[in-house]
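Structure first, commentary second.
Just so it is clear, the values below take in all heavy atoms, side chains as well, and ignore hydrogens, waters and symmetry mates. Start at 1 and go down the list; that is how both ligands and their atoms are numbered.
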Amino acid sequence: MNVLLIGSGGREHALAWKLAASPQIGRLFAAPGNPGIAAHAECVALDVAVHAAVVAFCRDSAVGLVVVGPEAPLVAGLADSLAAAGIRVFGPSAAAARLEGSKGFTKDLCARHGIPTAAYARFNNAPKAKAHVRRLGAPVVVKADGLAAGKGVTVAMTLPEALAAIDDCFEGAFGEAGAEVVVEAYLEGEEASLFCLCDGTTALAFGTAQDHKRVGEGDTGPNTGGMGAYSPAPVMTPQMTERVMREIVEPTLAGMAAAGSPFCGVLYAGLMITAGGPQLIEYNVRFGDPECQVLMLRLDDDLLPLLVAAAEGRLAGHAPRWCDEVALTVVMAAAGYPGRLRTGGTIAGLEAAAAGEDVAIFHAGTALRDGRLVAAGGRVLNVCARGPDIAAARERAYAAVDRVEWADGFCRRDIGWRALARTGSA
Ligand code: AMP
Ligand code: GLY
């Protein structure tokens with residue numbers, strides 16, 4: 001089967017790597033792809049915002065499945081356009097992508113279906129939102145309703161911070177995304193992510209992970225898209241996963257289907273495991289980046305038939321096999337990230353670095369310039385490794401990091417600290 005993969009980051013490189021290994025793959029295309037993806041797929045310069053162009057490409061190239069990596073094209077309705085043209089697609093409709101595209105939509109769904117999540121209220125003006133946070137007091141959480149590239153959430157430990165965050169939203173710091181604000185109660189616990197493959201009615205647990213959102217060691221400094229991850233998340237025991245499926249994911253899927261917008265694709269549940277049980281922090285409608293990279297390293301099964309089954313509503317009865325080992329990824333970012341970036345520096349040594357035992361290196365933000373591989377984004381490389389335990393996976397990943405020759409790159413040196421602390425070896 002010919003497959004078109006949409007996206008250009010480390011998540012898509014990991015998906016391309018796994019799809020290319022499928023015995024069922026025909027031609028694999030990526031739009032736009034990146035230099036790492038080009039080792040596994042034919043990169044095509046399609047403007048994915050022009051749905052008619054994507055449909056025409058799929059027809060011309062006999063594409064049997066489109067896999068959409070990032071959220072923006074989903075929220076923009078690419079899956080709807082493909083489905084309307086009779087092209088099989090893995091990824092939710094625009095209506096179902098509201099689970100990520102509107103925090104207020106998701107909170108209302110949770111309220112209607114008794115899904116555990118932080119208490120909340122929605123506001124479309126600053127005075128009412130401020131009056132509400134003054135009543136609640138700090139700590140409190142202020143969120144821009146819409147997609148804000150991971151920057152629309154303020155966990156305010158003081159009242160002035162919360163009031164300033166409300167002003168930011170309504171003064172346009174997040175554009176349209178901030179036209180509405182959700183104010184939430186502060187949750188305490190350990191964060192973890194559960195990924196589920198969904199076909200509209202059936203949800204299949206598809207691995208757990210923990211991310212490292214802050215740029216600095218010890219979880220300090222500004223938020224980022226994610227500086228590293230590992231899988232599985234020790235806090236997500238089989239019992240906890242089962243509980244989250246029953247209390248959170250399954251009612252969500254049923255609620256979306258009942259509302260006429262069944263969810264097909266990856267449902268990524270961001271969770272807080274509190275003393276009272278799991279609470280939903282937020283949904284994303286795609287794989288996490290860099291969480292996808294560690295999931296792909298642990299998936300022992302062929303990915304392609306699973307994605308086809310999800311797209312065709314045939315997931316029931318599938319039980320993906322996972323390797324028992326731990327996978328960990330370290331993000332190498334360009335100096336300055338997440339602020340002003342120093343890009344353009346030459347990257348070398350990747351082949352030697354990737355030769356380590358159970359190591360894989362995915363490109364997140366690279367480009368080829370005059371035959372040289374250069375840094376072309378904030379998050380540039382994902383150096384991943386598998387090992388029998390978190391300590392071994394981490395050692396292999398950092399050994400590979402140390403072989404990468406890139407003067408302007410940096411990474412956190414403490415990826416995996418939380419899981420290591422649990423094992424007592426930190
Ligand atoms: P983002 O991925 O940018 O939406 O970041 C959201 C982050 O804010 C989460 O990963 C949590 O760390 C934090 N957060 C969101 N909602 C809450 C909440 N109700 N209580 C405590 N922390 C929260
Ligand atoms: N790594 C977090 C995300 O993909 O949203």
Side-chain angles (χ1 to χ4, degrees), residues 7 9-12 14-15 69-72 74-75 99-104 106-107 110 115-121 133 136 138-157 161-162 165 168-169 173-174 177-178 181-195 207-215 219-231 233 266-276 278-295 329-331 333 338 362 364 378-379 382 412 415 418:
R11 166 181 51 209
E12 288 77 25
L15 291 171
E71 64 278 15
L74 295 167
V75 171
L99 284 173
E100 176 163 358
S102 167
K103 298 192 190 300
T106 298
K107 298 298 280 191
C110 289
I115 295 166
T117 186
Y120 77 106
V133 305
L136 290 180
V140 67
V141 181
V142 176
K143 301 184 172 181
D145 180 75
L147 288 184
K151 297 188 182 76
V153 175
T154 302
V155 179
M157 300 315 283
E161 271 178 90
D168 280 351
C169 287
F174 310 113
V181 162
V182 175
V183 175
E184 272 186 27
Y186 173 75
L187 295 171
E188 257 185 308
E190 182 166 345
E191 278 189 73
S193 303
L194 172 66
F195 297 86
T208 64
Q210 276 172 315
D211 191 6
H212 300 65
K213 285 195 200 293
R214 302 299 193 97
V215 75
D219 293 336
T220 54
N223 257 321
T224 70
M227 294 301 292
Y230 51 85
S231 172
V266 178
L267 189 61
Y268 159 174
L271 304 164
M272 189 73 87
I273 309 303
T274 72
Q279 300 267 329
L280 179 72
I281 297 177
E282 61 172 6
Y283 277 129
N284 295 303
V285 299
R286 48 163 177 91
F287 279 114
D289 186 346
E291 292 89 332
C292 181
Q293 291 80 317
V294 286
L295 294 182
T329 181
V330 177
V331 171
F362 298 119
R379 296 189 295 173
N382 308 133
R412 273 179 64 166
I415 301 304
R418 197 181 293 277

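A donor-acceptor pair under 3.5 Å is formed between the side chain of Thr224 and the backbone N or O of Lys213. For Ser102 (side chain) and Gly146 (main-chain N/O), no donor-acceptor pair under 3.5 Å exists by modelled atom type.
Among the atoms of Ala185, some N or O lies under 3.5 angstrom from an N or O of ligand 1. Any N or O atom pair closer than 3.5 Å counts here, and Leu187 shares at least one such pair with ligand 1.
Numbered from 1 in the order shown, with element, the atoms of ligand 1 that lie under 4.0 Å from a heavy atom of Glu191 read 9 (C), 10 (O), 11 (C), 12 (O). Within ligand 1, counting atoms from 1 as listed, the ones closer than 4.0 Å to a heavy atom of Ile281 are 15 (C), 16 (N). The distance from ligand 1 to the heavy atoms of Glu282 drops below 4.0 Å at these ligand atoms: 2 (O), 4 (O). Per-residue contacts place Lys213 under 4.0 angstrom from the following atoms of ligand 1 (heavy atoms of the residue considered): 2 (O), 10 (O).
Residue contact check for ligand 1: Val155 places a non-hydrogen atom closer than 4.0 Å to it. Distances shorter than 4.0 angstrom occur between a heavy atom of Lys143 and an atom of ligand 1. Proximity of Pro139 to ligand 1 is not established, as no heavy-atom distance is less than 4.0 Å.
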Using a 3.5 Å cut-off on N/O to N/O, what pairs does ligand 2 make with the protein? A line per pair would be great.
from: ligand 2; atom 1: 1 (N); to: Asp211; atom 2: OD2; distance (Å): 2.9
from: ligand 2; atom 1: 1 (N); to: Gly225; atom 2: O; distance (Å): 3.0
from: ligand 2; atom 1: 1 (N); to: Asp289; atom 2: O; distance (Å): 2.9
from: ligand 2; atom 1: 1 (N); to: Glu291; atom 2: OE1; distance (Å): 2.9
from: ligand 2; atom 1: 1 (N); to: Glu291; atom 2: OE2; distance (Å): 3.2
from: ligand 2; atom 1: 4 (O); to: Arg286; atom 2: NH1; distance (Å): 3.0
from: ligand 2; atom 1: 4 (O); to: Asp289; atom 2: N; distance (Å): 2.9
from: ligand 2; atom 1: 5 (O); to: Arg286; atom 2: NH1; distance (Å): 3.4
from: ligand 2; atom 1: 5 (O); to: Arg286; atom 2: NH2; distance (Å): 3.0

Audit row: Tyr120, Lys143, side-chain contact (heavy atoms from CB on, under 4.5 Å) steps and yes/no
CA-CA 10 Å; Tyr120 77 106; Lys143 301 184 172 181; over 6 Å; no
From CA spacing to verdict: side-chain contact (heavy atoms from CB on, under 4.5 Å), Val141, Thr154:
CA-CA 6 Å; Val141 181; Thr154 302; over 6 Å; no
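Every residue two or more places apart in sequence or in another chain that forms a salt bridge (charged side-chain N to carboxylate O under 4.0 Å, His left out) with Arg412 is listed here: Asp219, Asp414. Legend: residues meeting salt bridge (charged side-chain N to carboxylate O under 4.0 Å, His left out) with Glu291, ordered by chain and number and at least two apart, are absent. Legend: residues meeting salt bridge (charged side-chain N to carboxylate O under 4.0 Å, His left out) with Asp289, ordered by chain and number and at least two apart, are absent.
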